[in-house]
Amino acid sequence: MPTFSGYSQQNQRFAWGLSPGDCPHLTVDKIALHTWCQVHYVLQSRMPTQDSNETFLSQFGKSVDATEFYSPIPDGYKQGHTRYVVVLGTVMSGLGKGIFSSSLAKLLQDKGLTVTPVKLEGYLNIDSGTLNPFRHGEVFVLDDGTETDMDLGTYERILDQNLSHSNFTTAGQIYTEILTRERAGGYLGRDVQMIPHVTGEVKRRLRQLAIEGGKNGKQADVVFVEVGGTVGDYENGFYIEALRELAYEEGPESTCFVALTYIVEPAILGEQKSKPAQLGIKRLMETGIQPHLVACRAELPVTDTVIQKISMFSNVPKECVFSMHDRASIYTIPDAMRSDGLDRQILSQLKLHNRVDAIAEDRARSAWNAYTTAIASERKYNINIGILGKYTSIRDAYASIDKAIEHASTHLSANVNIKWLDVTNFTAENADSKLEVADLDAVIVPGGFGERGIEGKLASVKWAREHGIPFLGICLGFQMAVVEFARNVMQLDGANSAEFDVNCAHPVIAELPDQKEIEGLGGTMRLGGQDVEITPESFANQLFESTSVRERFRHRYEVEPKYIDQLTKAGLIFSGHHPEHQIMQVLELSSDVHPYFVAGQFHPELTSRPLRPQPMFMGLVAAAITHRTGEKHPEGIDARWLSGNNAATNV
């Protein structure tokens, strides 16, 4: 349990929720689900006092010795063991702080150090679950069900780690935690302020993450902190102050501040200019933070003249200013950083050379280099894959799908031309012509919420099924495959999802009764990692090479159980389901009638990693290669990824 300087043990215990049995609703991971009614109950029934005969308010009239060094330290935290690397952006947003931070973390991870990242967001939302993809890109769902910023996906893919709610913090979480604690009397009558209480909560969370982020019961060696937004924004100012305090409290050589900046190159001038970067770094220094390293984002390699100017105006040695110009793939960035000596600078700044495992580094570099070599190698095949969604004008809305395709295509030596097709303008009458002209070798119908674009997705699924085009349905795409099959193969007029037409004649997709019963506890959304039981000897079994897999979900509606037998008898194969309940989670068509028609109620793109590509995407890319070449067994494609017949006849 965290401790607070100047607070009694009894009141510290109350500030953190007493015990799990007393106040479970005050735990951080559930705070978004609780109402002020529960806080009111605490106020009425469990208000702490220092003496049984003393009223709650009277105790605050007493003068007490207090310290301004308010800094919650979690139990078990060993000061001096964990180091902190803080990445802050200047000049503008969108510089790729997450890519930079995760690549830097991988360098230390490869050396045998345990690393854990955290993203500090300035917005007041509790999580990213309600954010519009047009404004903020995709929502990345962690295994524990936390809905996060897409940068968490970058960390998971590059570090090959499953992260949790502890790796993602928003201003909304911070303020909710503090206000709930204040209403429960947790601050013992003190006026609750940005400093020290808000900054103290930030520091507490970072130290708690250090404890949880290690291995074998040990603290993490390094916590990588990415501050969302740009230095100078109002909403992230308290994070920056908290990190300044953290560096002061942890002591010299405990924290390395990295300023990620941008070097402009106006076409009219024809040369790189460093002034915006200088002013951005100056703004950071005005907060009391002196950067130890500066990374300069640019389209082309940063010139030595610019690096000299940045060094002089930021008080950062020239050898600690690095060019981070554009690369062909983000997965080549760690090697580029290593070549420039960025990892050695971090180790020197934080005095971590003695923790390096050279053998582990050689092993990790060998595996990663094999993948990055394949990225740069000439590909054998060229294919077109269409992503048929309604957010296609914003590529970040499907960032994980894009990366999953990249992983699979690299392993299968294929150049993939992704065609982003907006289905909101598709109809039953024009979909075929729009899709034919796209010259597609495979299609993906991704997830989404809301009725807009549904008929376009249904028409696209029908076209792929009838024309033998390899098809992968994801979440809503899975549901659309069921609805389309019911309408056009089973001839169930009025078949639909109850999400879009609650009064439809045949709700083949519906919200299950047991989900409706828990709506009062915070909604019916199925979130996070869950086990999926795979039917033996199915094509899904062939792809996964297992009868049990774990995938991540984010949806409300399921296949209505009363239609499962009818759908199965008509030829739709449900090859994956919930281990205990009648909930269908994977479907496929027999290879006798379609070369590759597979869908999952989950989001397979969220678990794809560079060295471990997701099997459903591997199968899709392999089927697309087969479609393009006309070969049943293309050279270099393992039989695991190919369906039994590669037929192209209609259902």
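On a predicted model such as this, the values are computed, not experimentally measured, just so you know.
In terms of heavy-atom proximity, Arg552 sits nearest to Leu142 at NH1-CA, 3.6 Å. Minimum heavy-atom separation, Gln109 to Leu159: NE2-O, 3.1 Å.
The backbone N or O of Val316 sits less than 3.5 Å from a side-chain atom of Ser311, completing a donor-acceptor pair. Here the side chain of Glu156 pairs no donor or acceptor atom with the backbone of Arg609 at under 3.5 angstrom. Side-chain atoms of Gln290 never come within 3.5 Å of backbone atoms of Met285 as a donor-acceptor pair (strictly under, hydrogens ignored). The backbone N or O of Ala220 lies less than 3.5 Å from a partner atom in the side chain of Thr82, making a donor-acceptor pair. Under a 3.5 Å cut-off, the side chain of Glu138 and the backbone N or O of Asp396 do not form any donor-acceptor pair. Not a single donor-acceptor pair under 3.5 Å links the side chain of Thr170 to the backbone N or O of Asp127. Side-chain atoms of Arg550 come within 3.5 Å of backbone atoms of Gly529 as a donor-acceptor pair (strictly under, hydrogens ignored). Not a single donor-acceptor pair under 3.5 Å links the side chain of Asp340 to the backbone N or O of Leu342. A donor-acceptor distance shorter than 3.5 angstrom exists from the side chain of His197 to the backbone of Gln193, with no hydrogens or angles considered. Checking side-chain atoms of Asn236 against main-chain N and O of Gly122 turns up no donor-acceptor pair under 3.5 Å.
In this structure, the side chains of His81 and Asp221 come closer than 4.5 Å at one or more pairs of heavy atoms. For the pair Cys256/Leu293, a side-chain contact is recorded, criterion being any heavy-atom separation below 4.5 Å from C-beta on. Side chains of Arg554 and His603 form a contact here, defined as non-hydrogen atoms less than 4.5 Å apart. Side-chain contact between Leu279 and Lys275 is present, with at least one heavy-atom pair separated by less than 4.5 Å. Between Ile178 and Thr180, every side-chain heavy-atom pair lies at or beyond the 4.5 Å cut-off. Using a 4.5 Å cut-off on side-chain heavy atoms (C-beta onward), Phe224 and Leu104 make contact.
A salt bridge links Glu121 with Lys119: the distance from a Lys NZ or Arg NE/NH1/NH2 to an Asp or Glu carboxylate oxygen falls below 4.0 Å. With respect to Glu605 and Arg157, no salt bridge is recorded, no charged nitrogen being found less than 4.0 Å from a carboxylate O. Between Lys273 and Glu265 no salt bridge is recorded (no basic side-chain N to carboxylate O distance below 4.0 Å).
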| said: Set out, in order, the CA-CA distance, both residues' side-chain angles and the distance that settles side chain to side chain donor-acceptor pair (under 3.5 Å) for Tyr123 and Ser128, then state yes or no. | reply: CA-CA 9 Å; Tyr123 48 72; Ser128 304; 2.7 Å; yes
| message | Val192 vs Glu182, test: side chain to side chain contact (heavy atoms under 4.5 Å, CB included). Steps then yes/no. | response | CA-CA 8 Å; Val192 181; Glu182 188 277 331; 3.7 Å; yes
| request: Could you go through the ring pair (Phe, Tyr, Trp, His ring centres under 6.0 Å) check for His407 and Tyr331 one step at a time? | output: CA-CA 10 Å; His407 303 159; Tyr331 299 120; 5.5 Å; yes
| message | Checking Glu250 against Thr255 for the side chain to side chain donor-acceptor pair (under 3.5 Å) test, could you report, in this order, the C-alpha distance in whole Å, the side-chain angles of both residues, the deciding distance, and whether it holds? | response | CA-CA 8 Å; Glu250 292 290 317; Thr255 308; over 6 Å; no
| task | Take Met312 and Gln308 through the side chain to side chain contact (heavy atoms under 4.5 Å, CB included) test and state the conclusion after the steps. | result | CA-CA 6 Å; Met312 180 173 62; Gln308 290 178 29; over 6 Å; no
| query | Going through the checks in order, is the side chain to side chain donor-acceptor pair (under 3.5 Å) test met by Tyr175 and Glu201? | reply | CA-CA 9 Å; Tyr175 293 143; Glu201 174 62 14; over 6 Å; no
| field | Step-by-step salt bridge (charged side-chain N to carboxylate O under 4.0 Å, His left out) determination, Asp160 to Arg612 | value | CA-CA 9 Å; Asp160 196 9; Arg612 294 186 293 110; 2.5 Å; yes
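Qualifying side chain to side chain contact (heavy atoms under 4.5 Å, CB included) partners for Glu235, counting only residues two or more places apart in sequence or in other chains: Asp233. Take Glu551 and apply the side-chain hydrogen bond (donor to acceptor under 3.5 Å, both in side chains) test, not counting sequence neighbours, and it matches Thr607, Gln614.
Remark: the Gln208 side chain and the Glu212 side chain contain an N/O donor-acceptor pair separated by less than 3.5 Å. Between the side chains of Thr230 and Ser93, no donor N or O sits under 3.5 Å from an acceptor N or O. Using a 3.5 Å distance cut-off with no hydrogens or angles, the side chains of Thr169 and Tyr239 do not pair a donor with an acceptor. There is no side-chain donor-acceptor pair under 3.5 Å between Arg207 and Gln79. For the residue pair Glu249/Ser71, the side-chain donor-acceptor check at 3.5 Å is satisfied. Checked by atom type, the side-chain pair His353/Ser348 shows a donor-acceptor distance below 3.5 Å. Between Glu406 and Ser329, the side chains place a donor N or O and an acceptor N or O closer than 3.5 Å (distance only, hydrogens not considered).
Ring centroid separation for the pair Phe617 and His411 does not come in under the 6.0 Å cut-off.
Ring-plane geometry between Tyr398 and Tyr391 is classed as tilted, the angle between the planes lying from 30 to 60 degrees on a 0 to 90 degree scale.
The stretch residues 288-302 participates, sequence neighbours left out, in these salt bridge (Lys or Arg N to Asp or Glu O under 4.0 Å) pairs: Arg297-Asp326. Applying the ring-ring contact (aromatic ring centres under 6.0 Å, His included) test to pairs two or more places apart or on separate chains, none has a residue in residues 272-322. Contacts classified as side-chain hydrogen bond (donor to acceptor under 3.5 Å, both in side chains) and involving residues 357-373 (residues at least two apart or in different chains) are given here: Lys111-Glu361. Listed by first then second residue, pairs satisfying salt bridge (Lys or Arg N to Asp or Glu O under 4.0 Å) with a partner in residues 83-108 read Lys106-Asp110, not counting sequence neighbours.
Between Met92 atom CE and Thr261 atom OG1 the span is 9.0 Å, to the nearest 0.5 Å. Distance check, rounded to the nearest 0.5 Å: CD1 of Ile310 to SG of Cys296 gives 5.0 Å. Atom CD1 of Ile73 sits about 15.0 Å away from atom NZ of Lys78, to the nearest 0.5 Å. To the nearest 0.5 Å, the span separating OG1 on Thr303 from CD1 on Ile263 amounts to 8.5 Å.
Tested against Ile240, the residues Thr199, Val86, Leu88 include a single side-chain contact (heavy atoms from CB on, under 4.5 Å) partner, Leu88.
Other residues, nucleotides and ligands contribute at most 12 non-hydrogen atoms within 6.0 Å of the CD1 atom of Ile359. Enclosure of atom CZ in Arg379 by more than 12 non-hydrogen atoms of other residues, nucleotides or ligands within 6.0 angstrom is indicated.
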